[in-house]
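What follows is a single structure, written as structure tokens, with notes after it.
These numbers come from a predicted model, not from an experiment. Only this structure's heavy atoms are used, side chains among them; waters, hydrogens and symmetry mates stay out.
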Amino acid sequence: MAYNGKLVTVFGGSGFVGRYVCGELAKRGYRVRAAVRRPDLAMHLQPLGPVGQVQAVQANLRYRWSVDRAVEGSDHVINLVAILAEGGKQTFNAIQKEGAASIAQSCGQHGVGLTHISAIGADEASTSAYGRTKAAGERAVIDAVPDATIIRPSIIFGTEDAFFNRFAKMATLSPIIPLVGADTRFQPIYVDDVAQAIVNAMEGKGRAGTTYEVGGPEVKSFRELIEQMLEVIGRRRRIANIPFPIATLQGKILGMLPNPPITADQVELLKQDNIVSAEAKADGRTIEDLGVAPTALASVLPNYLYVYRDKGQYAENLD
């Protein structure tokens, strides 16, 4: 494989989505600089390309000098950094608003293009701090880099995901699966499709200065997704819908734990559907408009959820 001579810095490159984005960039011949807080925990990125093609560097969004150091010399920057729950100094405001602003302002000062990954649900009027800070981050990005591309995915699934894996593991331990917002609708998107859409956008296959909403080919309720997961792993479990008031109280209590199973802010997010809007479809701002045909759940879930079957890979009727 020949290098194309261009360097792309990926903030959050060692995370779930990040490893796929770095891999897609490497396949297309880019040199990749993964900007992460702990480079020693990003060694799994190195095999994505030949020796030296993918390198991790230290960067912390709370320190502008480290952001500038990571951006300097890049041909393009991709920002994937996000959190689902606050902890210590890692707050929504610090990471998703101020951190996004730091990256965008650095890109603007260095004359570097930017692709920013947000989320469906980003809304300045959201009752969720996650949603409000995502929207504030988007605004900061456009202010600093007007031609930046913003991509808002629905829930992302894949081998290392924290969604299906979490509930599948729960199903191996409990006869009941509690859900908050069982009727809330999602449009799950395969992580490899997201990575391709991001790199396609970076390469100019979308419209500059545009916000895209990306989702998979299926819209399903939370309950329907868990039922499909249970079918894949061959387990029968009762699904119990937790009313929002009770879930909010639970979230306030559990949110005080490290790595909480749910927070009050996440409960607020679950009150709204997480699907591609009609406006995005009408305006040509979907994953298909970035040149990617999204992958169906049924063609991917059995490939990694089989480990939660009673007999794992040796279970009968493997898909």
Problem - Heavy-atom pair with the smallest gap, counting every atom of Ile120 and Ser154 - result: CD1-N, 3.7 Å
Handout entry: Asp75 side chain vs Val8 backbone, donor-acceptor pair below 3.5 Å
Key = no
Handout entry: Value rounded to 0.5 Å, distance of CZ in Arg235 from CG in Leu305
Key = 11.5 Å
Handout entry: Residues Arg69, Glu72: salt bridge by 4.0 Å N-O rule
Key = no
Exercise for the section: Check whether any side-chain N or O of Arg166 sits under 3.5 Å from a backbone N or O of Pro261 as a donor-acceptor pair, and report yes or no. Expected result: yes
Problem - Met202 with Val71, same ILVMFWY side-chain cluster at under 4.5 Å - result: no
Exercise for the section: Might you point out which heavy atoms bring Pro294 and Val292 nearest each other, and give the distance in Å? Expected result: CD-O, 3.4 Å
Handout entry: 4.5 Å side-chain heavy-atom contact, Glu98 and Arg62
Key = no
Practice task
Indicate whether the side chain of Gln58 and that of Tyr63 have a donor and an acceptor atom separated by less than 3.5 Å.
Solution key: no
Practice task
With the side chain counted from C-beta on, respond yes when Leu41 and Val36 share a heavy-atom pair under 4.5 Å apart, and no when they do not.
Solution key: no
Handout entry: Cluster overlap Val112 with Trp65, hydrophobic side-chain contacts below 4.5 Å
Key = no
Exercise for the section: Apply ring pair (Phe, Tyr, Trp, His ring centres under 6.0 Å) to Phe92 and list each qualifying residue two or more places apart in sequence or on a separate chain. Expected result: Tyr130
Handout entry: Gap separating the CZ atom of Arg185 from the CD atom of Glu218, nearest 0.5 angstrom
Key = 14.0 Å
Exercise for the section: Consider only side-chain N and O atoms of Asn274 and Arg152, and report whether a donor and an acceptor are under 3.5 Å apart. Expected result: no
Exercise for the section: List the atom of His44, the atom of Pro47, and the distance in Å for their closest heavy-atom pair. Expected result: O-CD, 3.3 Å
Exercise for the section: Say whether Thr115 and His76, considering side chains only, have a donor N or O and an acceptor N or O under 3.5 Å apart. Expected result: yes
Problem - Sub-4.5 Å side-chain heavy-atom contact between Phe164 and Ile155 - result: no
Handout entry: Ala293 backbone acceptor or donor facing Glu288 side chain under 3.5 Å
Key = no
Handout entry: Joint hydrophobic cluster, Phe16 plus Leu301, side-chain heavy atoms closer than 4.5 Å
Key = yes
Problem - Option passing side chain to side chain contact (heavy atoms under 4.5 Å, CB included) with Ile262 (candidates Ile253, Ile242, Val180) - result: Val180
Exercise for the section: Have a look at Tyr30 and tell me which of Lys6, Glu203, Gln53 forms a side chain to side chain donor-acceptor pair (under 3.5 Å) with it. Expected result: Glu203
Practice task
Starting at OG1 of Thr149, measure out to NZ of Lys205 and round the result to the nearest 0.5 Å.
Solution key: 13.5 Å
Completion exercise
Exactly one of Asp193, Ile151, Val276 clears side chain to side chain contact (heavy atoms under 4.5 Å, CB included) with Val214, and that residue is Ile151
Handout entry: Side-chain (Gln272) to main-chain (Gly121) donor-acceptor, under 3.5 angstrom
Key = no
Exercise for the section: Verify whether one side chain among Thr133 and Asn93 offers a donor that lies under 3.5 Å from an acceptor in the other. Expected result: no
Exercise for the section: Please say which of Ile150, Leu114, Asp147 ends up in a side chain to side chain contact (heavy atoms under 4.5 Å, CB included) with Ile142. Expected result: Ile150
Problem - Single-linkage hydrophobic cluster, 4.5 Å side-chain cutoff, Leu7 and Val10 together - result: no
Practice task
Determine the interplanar angle of the Phe163 and Phe186 rings, folded into 0 to 90°, and report it as parallel if under 30°, tilted if 30 to 60°, perpendicular if over 60°.
Solution key: tilted
Exercise for the section: Answer yes or no: is there a donor N or O on one side and an acceptor on the other, between the side chain of Arg238 and the main chain of Pro175, under 3.5 Å? Expected result: no
Practice task
Answer yes if the side chains of Ser126 and Glu268 hold a donor-acceptor pair under 3.5 Å, and no otherwise.
Solution key: no
Problem - Closest heavy-atom pair and its distance - Val81, Lys134 - result: O-NZ, 4.2 Å
Handout entry: Side chain proximity check, Arg19 to Leu45, heavy atoms < 4.5 angstrom
Key = yes
Problem - Thr295 to Phe157 - nearest heavy-atom pair and separation - result: O-CZ, 4.2 Å
Problem - Side chain Arg207, main chain Gly284, donor-acceptor under 3.5 Å - result: yes
Handout entry: Expected output: side-chain Ser66 to main-chain Asn60 donor-acceptor under 3.5 Å
Key = yes
Practice task
Report the C-alpha separation of Leu80 and Ile198 in whole Å, then their side-chain angles, then the decisive distance to 0.1 Å, and conclude whether the side chain to side chain contact (heavy atoms under 4.5 Å, CB included) test is met.
Solution key: CA-CA 10 Å; Leu80 298 165; Ile198 290 170; 3.9 Å; yes
Handout entry: ILVMFWY network linking Ile189 to Met229, side-chain heavy atoms under 4.5 angstrom
Key = yes
Handout entry: Short side-chain donor-acceptor distance under 3.5 Å, Asp161 and Tyr304
Key = yes
Problem - Full working for side chain to side chain contact (heavy atoms under 4.5 Å, CB included) between Arg37 and Gln90 - result: CA-CA 12 Å; Arg37 284 196 302 154; Gln90 299 294 99; 3.7 Å; yes
Practice task
Decide yes or no for Arg139 and Asp143: does some side-chain heavy atom of the first lie under 4.5 Å from some side-chain heavy atom of the second?
Solution key: yes
Exercise for the section: Drop me the distance from Thr211's OG1 to Glu138's CD, to the nearest 0.5 angstrom. Expected result: 5.5 Å
Problem - side chain to side chain contact (heavy atoms under 4.5 Å, CB included) between Ile78 and Leu25, intermediate numbers included - result: CA-CA 11 Å; Ile78 297 171; Leu25 289 166; 4.2 Å; yes
Practice task
Apply side chain to side chain contact (heavy atoms under 4.5 Å, CB included) to Val54 and Gln46, showing your working.
Solution key: CA-CA 6 Å; Val54 182; Gln46 291 188 358; 5.7 Å; no
Problem - Value rounded to 0.5 Å, distance of CD1 in Ile226 from CZ in Arg237 - result: 13.0 Å
Fill in the blank from the handout: The complete set of side chain to side chain donor-acceptor pair (under 3.5 Å) pairs with one or both residues in residues 245-265, sequence neighbours excluded, reads Ser128-Asp265
Handout entry: Within 6.0 angstrom of Glu231 CD, more than 12 heavy atoms from elsewhere
Key = no
Problem - Asp289 (side chain) donor-acceptor with Thr286 (main chain) under 3.5 angstrom - result: yes
Exercise for the section: Check whether any side-chain heavy atom of Tyr20 lies under 4.5 Å from a side-chain heavy atom of Val194, and answer yes or no. Expected result: no
Handout entry: Exercise: identify the closest heavy-atom pair between Pro178 and Met170
Key = CD-SD, 3.6 Å
Handout entry: Short side-chain donor-acceptor distance under 3.5 Å, Tyr190 and Gln196
Key = no
Fill in the blank from the handout: dist Asn79:CG -> Ser106:OG (nearest 0.5 Å) comes out at 11.5 Å
Practice task
Would you indicate whether the side-chain heavy atoms of Ile117 and Pro153 approach each other to under 4.5 Å?
Solution key: yes
Practice task
Determine, using ring centers only, whether Phe167 and Phe222 are less than 6.0 Å apart.
Solution key: yes
Problem - Heavy-atom side-chain contact between Leu297 and Leu225 under 4.5 Å - result: yes
